[in-house]
Amino acid sequence: MESSILGPVVALAAWTMIIWIWMYATRIPAMNRAGIDGTKIVGSSSGALRDALIAKAEEKAAWVADNYNHLHEAPTVFYAVCLTLALVGQGDNLNATIAWVYVGLRVAHSLVQILSNRVVIRFALFALSSLALIMLVVHAVMAVLLN
């Protein structure tokens, strides 16, 4: 199967791994500066670790982790719908372009959240990316359910 829409799928997956690296490159030094001993954290610790980092003025490390988590929310729908469009032969032209727009908006959202965390800008980028995702879902519905 050859489909242009697979490029944005791979690009967003790669971006997610870049954020994973960024998260640990930021979080481990922040934990050290904050005096948080990761070996003593037991059980479900993501919320407690986030709160501890923020309490020690290491909120930027929490921002990266928050963004990493966000890349596992709405993008899961993106992956499924793009693969569906590719499988039914609708992964080129307009749908591939919309997918690239979605990826660009998600990357921009990541950078805003990690570097400045301006909520109004993040929301605008999220809303625009959601519109792109809705367009892809509608196109998949038309391709799969109406044909």
Asks: Let me see the working for F78 and V9 under side chain to side chain contact (heavy atoms under 4.5 Å, CB included), right down to the final yes or no.
Replies: CA-CA 8 Å; F78 171 78; V9 168; 4.3 Å; yes
Asks: Is it the case that more than 12 heavy atoms not belonging to Y79 sit under 6.0 Å from its OH atom?
Replies: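 Result for OH/Y79: enclosed.
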Asks: Provide the closest heavy-atom pair for N117 versus R122 in the form atom of the first, atom of the second, distance.
Replies: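 Nearest pair, atom of N117 first, then R122: OD1-NH1, 2.7 Å.
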Asks: When rounded to the nearest 0.5 angstrom, what distance separates CE in M31 from CG in D37?
Replies: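 With rounding to 0.5 Å, CE (M31) is 7.5 Å from CG (D37).
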Asks: Which pairs of donor and acceptor atoms, one on a side chain in residues 13-22, lie under 3.5 Å apart (sequence neighbours left out)?
Replies:
unit_1, atom_1, unit_2, atom_2, d
W15, NE1, S110, OG, 3.0
T16, OG1, L12, O, 2.9

Asks: So which heavy atom on N95 is nearest to which on Q90, and how close?
Replies: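 So the minimum-distance heavy-atom pair works out to ND2-O, 2.8 Å.
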Asks: Are L105 and V77 connected into the same hydrophobic cluster when the rule is that any two of I, L, V, M, F, W, Y join if their side-chain heavy atoms are below 4.5 Å apart?
Replies: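 Not linked; separate clusters.
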Asks: Measure the NE2-CD1 distance between H109 and I114 for me, rounded to the nearest 0.5 Å.
Replies: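 With rounding to 0.5 Å, NE2 (H109) is 10.0 Å from CD1 (I114).
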Asks: In chain order, what residues pass the side-chain contact (heavy atoms from CB on, under 4.5 Å) check against D66, with sequence neighbours excluded?
Replies: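 side-chain contact (heavy atoms from CB on, under 4.5 Å) list for D66, sorted by chain: R50, H70, Q113.
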Asks: Do R106 and L71 touch side chain to side chain, with heavy atoms closer than 4.5 Å?
Replies: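 They are in side-chain contact.
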Asks: Less than 4.5 Å apart, any side-chain heavy atom of N67 and any of M23?
Replies: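 Not touching, per the 4.5 Å side-chain cut-off.
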Asks: W100 and S4: which non-hydrogen atoms are nearest, and at how many Å?
Replies: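 It is NE1-O, 4.4 Å.
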Asks: So do the side chains of W63 and T26 get within less than 4.5 Å of each other, counting heavy atoms only?
Replies: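 No. Closest side-chain heavy atoms not under 4.5 Å.
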Asks: Quick one, C82 and L6 - any side-chain contact, counting heavy atoms below 4.5 Å?
Replies: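 Side chain of C82 against side chain of L6, heavy atoms only: no contact under 4.5 Å found.
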Asks: Would you kindly confirm whether L146 and V88 end up in one hydrophobic cluster when ILVMFWY residues are joined by side chain heavy atoms under 4.5 Å apart?
Replies: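 Shared cluster, no.
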Asks: Shortest non-hydrogen contact from R118 to V112?
Replies: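 Distance-wise, the nearest heavy atoms are O-CG1, 3.9 Å.
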Asks: Would V119 and I121 show up in the same hydrophobic cluster when neighbours are defined by side-chain heavy atoms closer than 4.5 Å?
Replies: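 Not linked; separate clusters.
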Asks: Minimum heavy-atom separation for A99 and L136, please, with both atom names.
Replies: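 Minimum heavy-atom contact is CA-CD1, 4.1 Å.
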Asks: Which atoms form the tightest heavy-atom contact between L53 and A61, and what is the distance?
Replies: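 Between these two residues, the closest heavy atoms are CD1-CB, 4.2 Å.
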Asks: Evaluate L49 against R27 for side chain to side chain contact (heavy atoms under 4.5 Å, CB included), listing each step before the verdict.
Replies: CA-CA 10 Å; L49 177 55; R27 182 180 266 186; 3.7 Å; yes
Asks: So if you build clusters from Ile, Leu, Val, Met, Phe, Trp, Tyr with side-chain heavy-atom gaps below 4.5 Å, do M135 and M142 land together?
Replies: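 As far as the 4.5 Å side-chain criterion goes, M142 and M135 are not connected within one cluster.
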Asks: Please check if V64 and I28 belong to a single hydrophobic cluster, counting links between Ile, Leu, Val, Met, Phe, Trp and Tyr side chain heavy atoms closer than 4.5 Å.
Replies: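 Yes, one cluster joins them.
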Asks: Do any side-chain atoms of residues 126-134 form donor-acceptor pairs under 3.5 angstrom with protein atoms, and if so which ones, sequence neighbours left out?
Replies:
unit_1, atom_1, unit_2, atom_2, d
S129, OG, L125, O, 3.3
S129, OG, F126, O, 2.9
S130, OG, F126, O, 2.9

Asks: Are any of the side-chain heavy atoms of L94 and H139 separated by less than 4.5 Å?
Replies: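 L94 vs H139: side chains touch.
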